[in-house]
Visitor: 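Sending over a structure as structure tokens; questions will come in a sec.
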Amino acid sequence: MKTSMTTRSFLPGLCALLFSVGAMAQMPQRTPTPNDTLRSPKVTADKKVLIQIYAPKASEVIVSGDFLSDPKPLNLTKSESGVWSVLVGPLKPDYYSYTLMVDGVRTMDPKNPVIKQGISSLENMMAITGPETEFQDNRAVPHGEVREVWYSSNTLGMMRRMHVYTPPGYEKGSNKYPVFYLLHGGGDDDSGWNTIGRSGFILDNLIAAGKAKPMIVVMPNGSMPLPPQTGMPNTQAMNQMRDLFSSELTKDVMPIVEKSYRTLTSPENRAIAGLSMGGFQTLDLTLTRPELFNYVGVFSSGFFGATADEADTKYAKVLNDPSFNKGKKLFWVSIGKDDFVMDSNKKTLALLDKHQIKYQYKESSGGHTWVNWRQYLNEYTPMLFK
């Protein structure tokens, strides 16, 4: 019997198809579960949030996060179908982070791909939007770019990363820009201000509204490669991180930025601000190298523990220099009234008062959270480079 070329070429494909169908028929069929259609987090119309996870074999699931006024975690309730859930709120519109614990194991919400990265952990992020979040939302305005920039750190003898924001139009222009060095807190890395901090969107919206000058924002990694700490770093570790960071910023980061980007390099065109640990680093740089930055911001911070007792001696030269105030166009200090570092903040302000250092002070509601730090960034940035 003769077969055509078309028939001969068709037969192998038909055989493969029949084999595949037969194999699939013999494979065990997967049983659908509630996880197939589960959504988490789920924001309701009245600003409540349903957090859920499918864990039928778990015996306990709890959730913690900066959306809680009480730091004590919440217990999730298990349904007959194996879904654990808790309804929280209503919450004020904002961006929040949260973490699940399943039988004592820190667990990411598998239904939520939006995360905040730290130096040793991850957290999920969720958004409750409203008029209150417009300053930090991704709006229909011209957008700048945020780049991950790798460089060789001579100070630390290793490759390091920073995030750099360039304003809208930077790539097509030739203008030079002032530079704002924005520092994160302990436990975070250089990605913090760009993820949960929303810095790129905050800058985009401020610039589009004409509230802030176009600027380059450098977000370096302030976490130094020291042995892991339990809780707040001890005084020795804080001092080590302070000295290493100061060296890396001035000897590695700043020279690379000023060589690679179109920057204005005079002190009146440089600003610095940091939260918590980054605020401590900001204070140290301001009181050891006052000639570098004419604009200074300290968010939820101060000299911690023994560093407060030694600050008067360590920084005596600058604190007693009457020209310090003339060199600063802005020294802005802000903190939440419920912040656990309030005592350190007050001791730091007392030190500045003792030496007649001029500063502006803002005490807001809330505590040691990104909810406050994003607001501080939104208020501080428009005051720069005036």
Visitor: Taking the six-membered ring for Trp, are Phe303 and Tyr315 ring centroids under 6.0 Å apart?
Guide: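 Yes.
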Visitor: Any side-chain heavy atom of Leu319 sitting closer than 4.5 Å to one from Leu351?
Guide: yes
Visitor: Which heavy atom of Lys176 sits nearest to which heavy atom of Thr263, and what is that distance?
Guide: CD-O, 3.7 Å
Visitor: How about Phe299 and Tyr380: are their ring centroids closer than 6.0 Å?
Guide: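 Centroid distance Phe299-Tyr380: below 6.0 Å, so yes.
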Visitor: We want to know whether Thr33 and Asn35 form a side-chain donor-acceptor pair, criterion being a heavy-atom distance below 3.5 angstrom.
Guide: no
Visitor: Any side-chain heavy atom of Leu349 sitting closer than 4.5 Å to one from Tyr361?
Guide: yes
Visitor: Is it the case that Tyr376 and Ser364 place a side-chain donor and acceptor less than 3.5 Å from each other?
Guide: yes
Visitor: Are any of the side-chain heavy atoms of Pro41 and Asp109 separated by less than 4.5 Å?
Guide: yes
Visitor: Checking side chain to side chain contact (heavy atoms under 4.5 Å, CB included) for the pair Asn124/Thr99: CA distance, chi angles, key distance, verdict?
Guide: CA-CA 6 Å; Asn124 283 110; Thr99 304; over 6 Å; no
Visitor: Going by atom types only, do Ser191 and Gln117 share a side-chain donor-acceptor pair under 3.5 Å?
Guide: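 No pair is found: no donor N or O on one side chain lies under 3.5 Å from an acceptor on the other.
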Visitor: Holding to salt bridge (charged side-chain N to carboxylate O under 4.0 Å, His left out), I want the full list of residues that pass it with Lys116, two or more places apart in sequence or in another chain.
Guide: Glu123, Asp188
Visitor: Kindly give the cluster partners of Val86, where membership spreads through any ILVMFWY side chain lying under 4.5 Å from a current member.
Guide: Val43, Val49, Ile51, Ile53, Val61, Val63, Phe67, Leu68, Leu74, Leu76, Trp84, Val88, Leu91, Tyr96, Tyr98, Leu100, Val102, Met126, Ile128, Val371
Visitor: Around atom CD of Glu258, are there more than 12 heavy atoms from other residues, nucleotides or ligands closer than 6.0 Å?
Guide: yes
Visitor: Could you tell me whether a side-chain N or O of Asp66 sits under 3.5 Å from a main-chain N or O of Ser97, the two making a donor and an acceptor?
Guide: yes
Visitor: In the single-linkage hydrophobic clustering (I, L, V, M, F, W, Y; side-chain heavy atoms under 4.5 Å), do Leu275 and Val333 co-cluster?
Guide: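 No, because Leu275 and Val333 fall into different hydrophobic clusters, even though each may have its own neighbours under 4.5 Å.
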Visitor: For a 4.5 angstrom cut-off between non-hydrogen side-chain atoms, does Thr286 reach Phe324?
Guide: yes
Visitor: Among the clusters formed by ILVMFWY side chains lying less than 4.5 Å apart, do Met162 and Ile216 turn up in the same one?
Guide: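 Yes, same cluster.
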Visitor: Please verify the inter-ring angle class for Trp193 with Trp370; under 30° counts as parallel, over 60° as perpendicular, anything in between as tilted.
Guide: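 Trp193 and Trp370: perpendicular rings.
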Visitor: Are the side chains of Met219 and Val164 in contact, using a 4.5 Å heavy-atom criterion?
Guide: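 Result no, sub-4.5 Å side-chain heavy-atom pair not found.
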Visitor: Fit a plane to each ring of Tyr170 and Tyr177, take the angle between them on a 0 to 90° scale, and name the class: parallel (under 30°), tilted (30 to 60°) or perpendicular (over 60°).
Guide: tilted
Visitor: Taking only distance into account, with no hydrogens and no angle test, what donor-acceptor pairs under 3.5 Å do side-chain atoms of residues 134-142 form with protein atoms, sequence neighbours excluded?
Guide:
from   : atom 1 : to     : atom 2 : distance (Å)
Gln136 : OE1    : Arg374 : NE     : 2.7
Gln136 : NE2    : Asp94  : OD1    : 3.1
Asp137 : OD1    : Tyr95  : OH     : 2.7
Asp137 : OD1    : Thr133 : OG1    : 3.1
Asp137 : OD2    : Thr133 : OG1    : 2.9
Asn138 : OD1    : His143 : NE2    : 3.3

